[in-house]
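As the structure lists them, so they are numbered: ligands from 1, and atoms in each ligand from 1. Every heavy atom of this structure was used, including side-chain atoms; hydrogens, water molecules and symmetry mates were not.
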Amino acid sequence: MLAFILSSVLFFLFFLRNNMERWLGWQPPGPLNLPLMGSCVSLLKTGKNVFREPHLAMSKLSQIYGNIMSVGLGSDTWVILSGFDEIREFSMKSEATSRPSMPALIELYAFNEQLGVIFADGRLWRDQRRFMSKALKEIQSSYKPFGEQIMDEFNLFLAFLDNKQHHVFNGRDFFDIATLNIIWRLAAGERFDYENKRSQEMITHIESFTMEESLTILVGVSYARYLPYFRGIFQGMQEHMGKFHQFLWKIVAKPTDEHEVTYKNLFQHQLGKGGDFFTQKQLVISMLDFFTGGSGTLSKTLSFCILFMIQDEEMQGKIREEAQRFEEVSFEHLKQMPFTEAFISEVQRWASILPISPPREVTSSVNVAGFPLKVGQKVQMSLFAMHRDPQHWKDPQNFRPDRFLDPNNGSFVPDEWLQPFGYGKRKCLGEQIARQTVFLFLANLVKHFSFKAVEELPSLDPIGGLTLAPQQFKFKIMPIL
Ligand code: HEM
Ligand SMILES: *[C@@H]1O[C@H](CO)[C@@H](O)[C@H](O)[C@H]1NC(C)=O
């Protein structure tokens, strides 16, 4: 009896602690937050599968509680941002650039340390982000502009497709090798031949991490990796990541032409000179960042482009019409191709390839949208919810490129609520490469081929884990004469 009373009192105190500040207006509104269970009940009640599609459950809740809300995940209370104003205000603050410690993720990804850039923190992150951004500029200026590097790969891809008419392709992995090659060239100066079966191994390793539906839960609720259902998944991912690490160690150790300008070589020049954060381990994880951050995201954005083009041939025709005005489309032509730019923007809004930015932790107290966030407050930015906010987009569930076009003269009109690369001080470092790759591949492909479905198309809704992708679909290509 006494135990029952004691535990009831404890439960009640925890309950008060979790919810009192909110009632007083010191904490953003949100669903009921119970001890240990957090807002589990409300998340389940959204009718979405929280484990498989957390971005949908979160998006549903922010429609109820607003663009800044607090939600209990496991034993932590998170602040979730999903409006452009809140995301801009928050992500421009230098107190908001920190990543919380994510034990399950770091164990999988980076030898139990916060290495690399994507999941790094503190001085190492600042130093290494600066270095990576400088290195990317240097690769452009002393090797080749990104546009030319991308077209080199495009032309090899085109040669590979040359005798593949009427061949049935898988929509989801059509671009995997091409985009892997673009990233690998930057990272270490290598690429796979299109017929090389070993490329599949590497892609499987990348996807075992980025496409794992449970990863979001494992990141948010670290102890989940010891629970029955998640344990098997976690071990499977560990196995893949172990092999991926081995592969990267080999690439790092392989002697290369010193004069080749790649991330690996630029980094290794610094290794010789010392500097706190230049270690072999840091190089391996930075290269891993390139692959997990860059290769699949590009491939999936392009797959979505194909899916929407075979779903609506009129759109496909409009893109082709714009592209055919040029012998070979280069990035400078983007401004003369407003429909294509609007189409890609709508694909990025729809797909939200990275639906929820990697988590943040506040390093000293800050105000966001009038709410004080204390030191250590964990924050997530839900890009998916921002891209699907019905108050801003009016009809977010419709795929409509013309929302980005001026109705009077058809010119492209950007919208600040579209931020597929995140915003602020930790924005994606690959944005330039990504924008150019997607545009150049799409515009130049439609000049050479038309795309047709070969069977009924799946739902257009994205699925996935850390990153989203279209559902499986099949198509064929036919040469344009
Ligand atoms: C369509 C393709 C891509 C999308 C949609 C995308 C999206 C994002 C987003 C949303 C973030 C998180 C920003 C934040 O925390 O606020 C991010 C971070 C990052 N991305 Fe990308 N990305 C893409 C391609 C690339 C490519 C091609 C590369 C590398 C060449 C890359 C490298 C990175 C890195 C290094 C970070 C971490 C930045 C940091 O934490 O300081 N991404 N990306
Ligand atoms: C199209 O119209 C808008 C205003 O409605 C104007 O700002 C823009 O410059 C025009 N663009 C072109 C290409 O005429």
Set out, in order, the CA-CA distance, both residues' side-chain angles and the distance that settles ring-ring contact (aromatic ring centres under 6.0 Å, His included) for Phe111 and His245, then state yes or no. CA-CA 9 Å; Phe111 320 119; His245 284 143; 4.7 Å; yes
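- The shortest N or O to N or O distance between Trp125 and ligand 1 is below 3.5 Å.
- Here Tyr263 and Phe131 bring their ring centres to under 6.0 angstrom of each other.
- Looking at atom 38 (C) of ligand 1, its nearest protein heavy atom turns out to be Arg129 NH1, 3.4 Å.
- Taking every heavy atom of Phe290 and a limit of under 4.0 angstrom, the matching atoms of ligand 1 come to 30 (C).
- In terms of protein heavy-atom proximity, atom 25 (C) of ligand 1 is closest to Gly293 O, 3.4 Å.
- Proximity of Glu431 to ligand 1, defined as any heavy-atom pair under 4.0 Å, is not found for any part of the residue.
- Checked for salt-bridge contact, Lys427 and Glu431 meet the test: a charged N lies under 4.0 Å from a carboxylate O.
- For Phe157 and Phe174, the ring centers are positioned less than 6.0 Å apart.
- Close approach of ligand 2 to Asp406 is summarised as follows: ligand atoms under 4.0 Å from at least one heavy atom of the residue are 1 (C), 2 (O), 3 (C), 4 (C), 5 (O).
- Checked against a 6.0 Å centroid threshold, the rings of Phe84 and Tyr423 count as neighbours.
- Ion pair Glu346/Arg349 flagged as a salt bridge, since at least one NZ, NE, NH1 or NH2 atom sits closer than 4.0 Å to an Asp/Glu carboxylate oxygen.
- In this structure, OG1 on Thr437 lies 11.0 Å from CE on Met151, to the nearest 0.5 angstrom.
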Walk me through it: do Tyr109 and Leu115 pass the test side chain to side chain contact (heavy atoms under 4.5 Å, CB included)? CA-CA 9 Å; Tyr109 196 84; Leu115 297 174; over 6 Å; no
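- Both the backbone and the side chain of Ile118 come within 4.0 Å of ligand 1, counting heavy atoms alone.
- At under 3.5 Å, a nitrogen or oxygen of Arg360, whether backbone or side chain, sits near a nitrogen or oxygen of ligand 1.
- Annotation: atom 1 (C) of ligand 1 to nearest protein heavy atom, Thr301 OG1, 3.5 Å.
- Ser91 does not count as a contact of ligand 1, since none of its heavy atoms falls under 4.0 Å from the ligand.
- Between Gln348 and Arg435, some side-chain heavy-atom pair lies under the 4.5 Å cut-off.
- At the top of the distance list for atom 26 (C) of ligand 1, counting protein heavy atoms only, stands Gly294 CA, 3.4 Å.
- Remark: minimum distance from atom 21 (Fe) of ligand 1 to any protein heavy atom is reached at Cys428 SG, 2.2 Å.
- Within ligand 1, the atoms closer than 4.0 Å to a non-hydrogen atom of Gly422 are 10 (C), numbered from 1 in the order shown.
- Not a single heavy atom of Gln419 sits closer than 4.0 Å to an atom of ligand 1.
- A salt bridge is absent between Lys447 and Glu328: the closest approach of a Lys/Arg side-chain nitrogen to an acidic carboxylate oxygen does not fall below 4.0 angstrom.
- The aromatic ring centres of Phe343 and Phe404 sit 6.0 Å or more apart.
- Only side-chain heavy atoms of Arg99 come within less than 4.0 Å of ligand 1; its backbone N, CA, C and O stay farther off.
- Comparing heavy-atom distances from atom 12 (C) of ligand 1 across Ser295, Pro358, Ser299 singles out Pro358 as nearest.
- The option with the heavy atom closest to atom 11 (C) of ligand 1, from among Leu186, Ile433, Leu354, Asp121, is Leu354.
- Within ligand 1, counting atoms from 1 as listed, the ones closer than 4.0 Å to a heavy atom of Ala434 are 1 (C), 2 (C).
- For atom 5 (O) of ligand 2, a protein heavy-atom neighbour is found at a distance under 4.0 Å.
- The option from Ala120, Gly424, Gly430 that lies nearest to atom 28 (C) of ligand 1, judged by heavy atoms, is Gly430.
- Looking at Asp276 and Arg123, a side-chain N of the basic residue comes within less than 4.0 Å of a carboxylate O on the acidic one, giving a salt bridge.
- In this structure, Arg198 is not positioned above the aromatic face of Phe247 in the sense of NZ or CZ being under 6.0 Å from the six-membered ring centre and within 45° of the axis.
- With a heavy-atom cut-off of 4.0 Å, Leu383 touches ligand 1 through its side chain alone.
- Summary of contacts: the protein heavy atom closest to atom 13 (C) of ligand 2 is Ser411 CB, 4.2 Å.
- In this structure, the ring of Phe119 has its center no less than 6.0 angstrom from the ring center of Trp125.
- Counting atoms of ligand 1 from 1 in the listed order, those under 4.0 Å from a heavy atom of Val117 are 39 (C), 40 (O), 41 (O).
- Of all protein heavy atoms, the one lying nearest to atom 7 (C) of ligand 1 is Pro420 O, 3.5 Å.
- Looking only at heavy atoms of the protein, atom 40 (O) of ligand 1 is closest to Arg426 NE, 2.8 Å.
- Taking each of Asn409, Leu405, Asn408 in turn, the one with a heavy atom nearest to atom 1 (C) of ligand 2 proves to be Asn409.
- Ion pair Asp152/Arg185 not flagged as a salt bridge, since none of the NZ, NE, NH1 or NH2 atoms sits closer than 4.0 Å to an Asp/Glu carboxylate oxygen.
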